[in-house]
Student: 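Input: one structure, supplied below.
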Amino acid sequence: MAARTGAQFLERLRRHAPNLYVDGARVEDPTTHPATRNIAASLAGLYDLQHDPRWRDLLTFEEGGERYAAAFMVPQTKADLRRIGEAHRVRANYSLGTLGRAPDYMNTNVMAAGMASAYFAQGEGGGEPGSGRDFAGNMRRYFEYVRDHDLCLTHALTNPQVNRGKQASELPDPYIAMGIVEETEAGVVVRGARMLATLPIADEILIFPSTVIKENGDRSRYAVGFGLPTDTPGLYFQCREPFDLGRDVEDHPLSSRFDEQDAFVIFDDVLVPWERVFLMYDMTLANQAYARTDAVLHMAYQVVNQKVAKTEAFLGVAQGIVETVGSGQFQHVQAKVSEIIVTLEIMKALEVAAVEGAELNAYGVMTPARGPLDAARNYYPAIYPRLNEIIQLLGASGIIMMPGKADREGPLGAFIEKHLQATNASAEERLKLFRLAWDLTLSSFGARQNLYEKHFFGDPVRMSSALYEVYDKRPYVERIRQFLNRPQPVAAD
């Protein structure tokens with residue numbers, strides 16, 4: 001199949017509907033259900049982009065006579081990385097950067113892990129090549145399967161928030177967190193739950209080893225990695241309350257199209273076939289999997305490009321408000337818009353630096369430099385609330401007083417047109433823009449975006465601690481030591 005069309009994505013979604021539950025009932029057909037049909041249609045549009053003549057050669061690549069999505073490309077050069085980055089940004093522009101877990105995010109994960117499949121051969125019970133427990137071969141074949149069918153993946157990393165002060169094995173039920181129950185001839189049985197699966201209307205779920213397993217000893221039932229179809233028996237997705245309220249696109253321009261949904265994942269004694277298992281029991285191997293395969297860097301590269309696109313959208317909305325209401329002559333307004341410009345240029349510079357510092361890794365994959373990506377992963381969550389605030393300050397009461405499309409077409413429409421016009425826009429044009437500003441920053445959809453960005457890469461405190469631990473500070477300390485001990489040149493008489 002290779003690079004899919006939107007129609008092919010929707011057809012597979014109908015035939016293999018994920019086990020989704022929304023508002024107390026199962027979603028029988030995600031392509032028609034009120035809570036999921038619009039995001040399904042939007043994802044279909046995203047897949048259709050890669051067949052659009054304008055984008056086909058950027059969003060796909062040819063190999064062995066087949067054409068695949070660009071996120072599956074194994075970069076060999078910096079030019080390859082630049083091309084992949086540009087493709088990430090084009091895809092992100094489709095949703096103004098609000099699809100945080102668009103398919104290319106997880107596709108980069110399986111690409112990096114698939115190329116680093118040898119890493120998984122080290123695990124307990126890994127078996128010999130050609131056996132059912134050939135974990136390295138399983139990882140490589142899984143990458144090829146996902147690539148060849150252009151699948152959409154979701155994932156879930158963390159345990160439910162029951163008691164952060166205890167290990168998963170110390171909770172009232174050791175299977176509150178998902179863990180291995182038993183091994184059978186057919187595969188491994190898992191039970192429990194994982195948080196937080198974003199975009200659960202996916203073809204498959206990848207349970208890549210968590211990076212924060214904390215158990216006594218080196219062996220844990222919670223250290224496991226595998227991939228499964230989202231319609232697997234016993235696998236359930238309990239979704240949060242939808243943000244898509246069925247309103248007109250003009251009134252809810254983002255939430256009516258791009259509510260990617262979030263869910264916690266329940267594994268009710270789910271059988272994972274051996275050929276779908278990548279890792280078992282080994283806590284060290286599990287905790288280091290993202291870093292040692294460099295999957296985290298390729299995923300972070302996709303994210304940085306997505307954040308560039310999102311910040312460009314913020315800048316466009318902000319300047320659009322300024323021009324619409326004619327406030328550009330005020331210095332405090334200029335200062336606020338300039339803050340967004342600075343954020344955008346910092347993110348763009350970090351993306352460029354990540355590519356320029358890229359090197360081939362141990363598996364022959366051109367891998368972006370970690371330093372700039374770690375800087376972006378720590379910087380953007382901290383600055384994002386300020387981007388929200390700037391839009392709110394620029395729009396002020398205009399982001400509150402926003403009659404909808406039905407109001408404009410109703411009996412008071414003439415008054416709305418007269419009193420809510422702007423210096424450089426009709427009432428209709430002004431209200432469309434301000435409703436976008438509201439949906440981006442103030443609606444339930446916008447509030448979720450704000451919270452999500454704060455934790456997108458993980459707990460901010462842990463992120464900064466991790467950066468402190470991995471960043472090589474020694475050359476700079478040594479430079480200061482040498483400076484302090486450098487003899488002072490003797491001044492001439």
Student: For the side chain of H298 and the backbone of N107, is there at least one donor-acceptor N/O pair under 3.5 Å apart?
Tutor: no

Student: I need the minimum non-hydrogen distance between L99 and I39, along with the two atoms involved.
Tutor: CD2-CD1, 3.8 Å

Student: Enter the distance from L245:CG to D259:CG here, rounded to the nearest 0.5 Å.
Tutor: 9.0 Å

Student: Would R147 pass as a cation-pi partner of F143, given that its NZ or CZ must be under 6.0 Å from the six-membered ring centre and within 45 degrees of the axis?
Tutor: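 Yes, R147 lies over the aromatic ring of F143.
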
Student: Which atom pairs, one a donor and one an acceptor, fall under 3.5 Å between side chains of residues 201-208 and the rest of the protein, sequence neighbours left out?
Tutor:
from : atom 1 : to   : atom 2 : distance (Å)
D203 : OD1    : R12  : NE     : 3.4
D203 : OD2    : R4   : NH2    : 2.7
D203 : OD2    : C152 : N      : 2.8
E204 : OE1    : Y142 : OH     : 2.9
E204 : OE1    : R276 : NH1    : 2.7
E204 : OE2    : R276 : NH2    : 3.0

Student: Are side-chain heavy atoms of R257 and S95 found at a separation under 4.5 Å?
Tutor: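 Side-chain contact under 4.5 Å: no.
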
Student: When rounded to the nearest 0.5 angstrom, what is the spacing between CZ in R430 and CG in L420?
Tutor: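 Between atom CZ of R430 and atom CG of L420 there are 5.5 Å.
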
Student: Between R191 (side chain only) and D268 (backbone N and O only), is there a donor and an acceptor less than 3.5 Å apart?
Tutor: no

Student: Charged N to carboxylate O below 4.0 Å: is that the case for E312 and K310?
Tutor: no

Student: To the nearest 0.5 Å, what is the distance between CD on E86 and CG on L59?
Tutor: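 It comes to 9.0 Å.
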
Student: Donor-acceptor pair, distance only, cut-off 3.5 Å: does the side chain of E359 make one with the backbone of A369?
Tutor: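 No, the answer is negative, given that no donor and acceptor are paired below the 3.5 Å cut-off.
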
Student: Measuring from L196:CG to H155:NE2, what's the distance to the nearest 0.5 Å?
Tutor: 9.0 Å

Student: Any side-chain donor paired with an acceptor under 3.5 Å for T198 and Y452?
Tutor: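 Their side chains do contain a donor-acceptor pair, which is all the 3.5 Å distance test asks for.
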
Student: Using a strict threshold of under 4.0 Å (side-chain N to carboxylate O), is an ion pair present between E428 and K432?
Tutor: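 Yes, charged N to carboxylate O under 4.0 Å.
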
Student: Could you pull out the closest heavy-atom pair between A40 and T31, with the gap in Å?
Tutor: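 Closest pair (atom of A40, atom of T31, distance): CB-CA, 4.3 Å.
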
Student: What residues form a side-chain contact (heavy atoms from CB on, under 4.5 Å) with A466, not counting sequence neighbours?
Tutor: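 For A466, no residue satisfies side-chain contact (heavy atoms from CB on, under 4.5 Å) once neighbours in sequence are set aside.
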
Student: Taking all non-hydrogen atoms of both residues into account, name the closest pair between I399 and A437 and its distance.
Tutor: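 It is CD1-CB, 4.2 Å.
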
Student: Step by step, would you call V337 with L394 a side-chain contact (heavy atoms from CB on, under 4.5 Å)?
Tutor: CA-CA 9 Å; V337 176; L394 292 174; 4.1 Å; yes

Student: So, for L157 and Y290, which heavy atoms are closest and what is the spacing to 0.1 Å?
Tutor: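 L157 and Y290 have their closest heavy atoms at CD2-OH, 3.4 Å.
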
Student: Taking side chain as C-beta onward, heavy atoms only, is Y105 less than 4.5 Å from Q306?
Tutor: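 A side-chain contact is absent here, since even the closest heavy-atom pair is not under 4.5 Å.
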
Student: Only one of R377, K307, R448, R386 forms a salt bridge (Lys or Arg N to Asp or Glu O under 4.0 Å) with E453, so which one is it?
Tutor: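 Of the listed options, the one satisfying the test is K307.
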
Student: Quick one: are D244 and S255 in side-chain contact, heavy atoms under 4.5 Å?
Tutor: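 D244 vs S255: side chains apart.
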
Student: What residue among F243, F445, W438 forms ring-ring contact (aromatic ring centres under 6.0 Å, His included) with H252?
Tutor: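 Testing H252 for a ring-ring contact (aromatic ring centres under 6.0 Å, His included) against F243, F445, W438 leaves exactly one candidate, W438.
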
Student: Among residues two or more places apart or on two chains, list those pairs meeting salt bridge (Lys or Arg N to Asp or Glu O under 4.0 Å) that have a residue in residues 30-43.
Tutor: none

Student: Between V272 and V190, does the side-chain contact (heavy atoms from CB on, under 4.5 Å) criterion hold? Intermediate values first, please.
Tutor: CA-CA 7 Å; V272 183; V190 295; 4.2 Å; yes

Student: Output the distance between atom CG (D150) and atom OG1 (T5), rounded to the nearest 0.5 Å.
Tutor: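 Those atoms lie 9.5 Å apart.
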
Student: Is there side-chain contact between F434 and I400, with at least one heavy-atom pair below 4.5 Å?
Tutor: no

Student: Is the backbone of D251 close enough, under 3.5 Å, to the side chain of R435 for a donor and an acceptor to pair up by distance?
Tutor: yes

Student: Hydrogens and angles aside, do Q167 and Y222 bring a side-chain donor and acceptor to less than 3.5 Å of each other?
Tutor: no

Student: With the side chain counted from C-beta on, respond yes when L43 and P103 share a heavy-atom pair under 4.5 Å apart, and no when they do not.
Tutor: yes

Student: Using a 4.5 Å cut-off on heavy atoms from C-beta on, say whether the side chain of T293 contacts that of M139.
Tutor: no

Student: Begin with the C-alpha distance, continue with both residues' side-chain angles, and end with the deciding distance and a verdict on ring-ring contact (aromatic ring centres under 6.0 Å, His included) for Y384 and F314.
Tutor: CA-CA 10 Å; Y384 188 83; F314 267 89; 5.5 Å; yes

Student: Taking Y175 for the side chain and I180 for the main chain, is one N or O donor matched with an acceptor at less than 3.5 Å?
Tutor: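 Between the backbone of I180 and the side chain of Y175 there is a qualifying donor-acceptor contact (under 3.5 Å).
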
Student: Partners of Q392 by side-chain contact (heavy atoms from CB on, under 4.5 Å), sequence neighbours excluded?
Tutor: N388, T441, L442

Student: Does any non-hydrogen side-chain atom of P75 lie less than 4.5 Å from one of M111?
Tutor: yes

Student: Sequence neighbours left out, what passes ring-ring contact (aromatic ring centres under 6.0 Å, His included) with F9? Give chain and number order.
Tutor: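 Listed in chain order: Y47.
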
Student: N93 side chain to L96 main-chain N or O, any donor-acceptor pair under 3.5 Å?
Tutor: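 Side chain of N93 to backbone of L96: no pair is present.
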
Student: Can you tell me how far apart CD (E389) and CD (E339) are? Round to the nearest 0.5 Å.
Tutor: 8.5 Å

Student: Can you see whether Y94 has R91 sitting over its ring - NZ or CZ less than 6.0 Å from the centre and within 45° of the normal?
Tutor: no

Student: I'd like to know if the side chain of N305 reaches the main chain of R89, judged simply by a donor and an acceptor atom lying under 3.5 Å from each other, with no hydrogens or angles considered.
Tutor: no

Student: In chain order, what residues pass the salt bridge (charged side-chain N to carboxylate O under 4.0 Å, His left out) check against R83, with sequence neighbours excluded?
Tutor: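 Salt bridge (charged side-chain N to carboxylate O under 4.0 Å, His left out) check on R83 returns nothing, list empty.
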
Student: Considering all heavy atoms of both residues, which atom of A156 and which atom of V265 are nearest to each other, and what is their separation?
Tutor: CB-CG2, 4.1 Å

Student: Could you tell me if the side chain of Q261 sits less than 4.5 Å from the side chain of R240, heavy atoms only?
Tutor: yes

Student: Donor-acceptor pair, distance only, cut-off 3.5 Å: does the side chain of T232 make one with the backbone of L228?
Tutor: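 Here the side-chain-to-backbone pair does not exist.
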
Student: For K78 and E356, indicate whether the former's side chain and the latter's backbone hold a donor-acceptor pair under 3.5 Å.
Tutor: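 Answer holds: yes.
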
Student: Donor-acceptor pair, distance only, cut-off 3.5 Å: does the side chain of Q449 make one with the backbone of T98?
Tutor: yes

Student: Whether the T311 and Y380 side chains hold a donor-acceptor pair (N or O, under 3.5 Å, no angle test) is what I'd like checked.
Tutor: yes

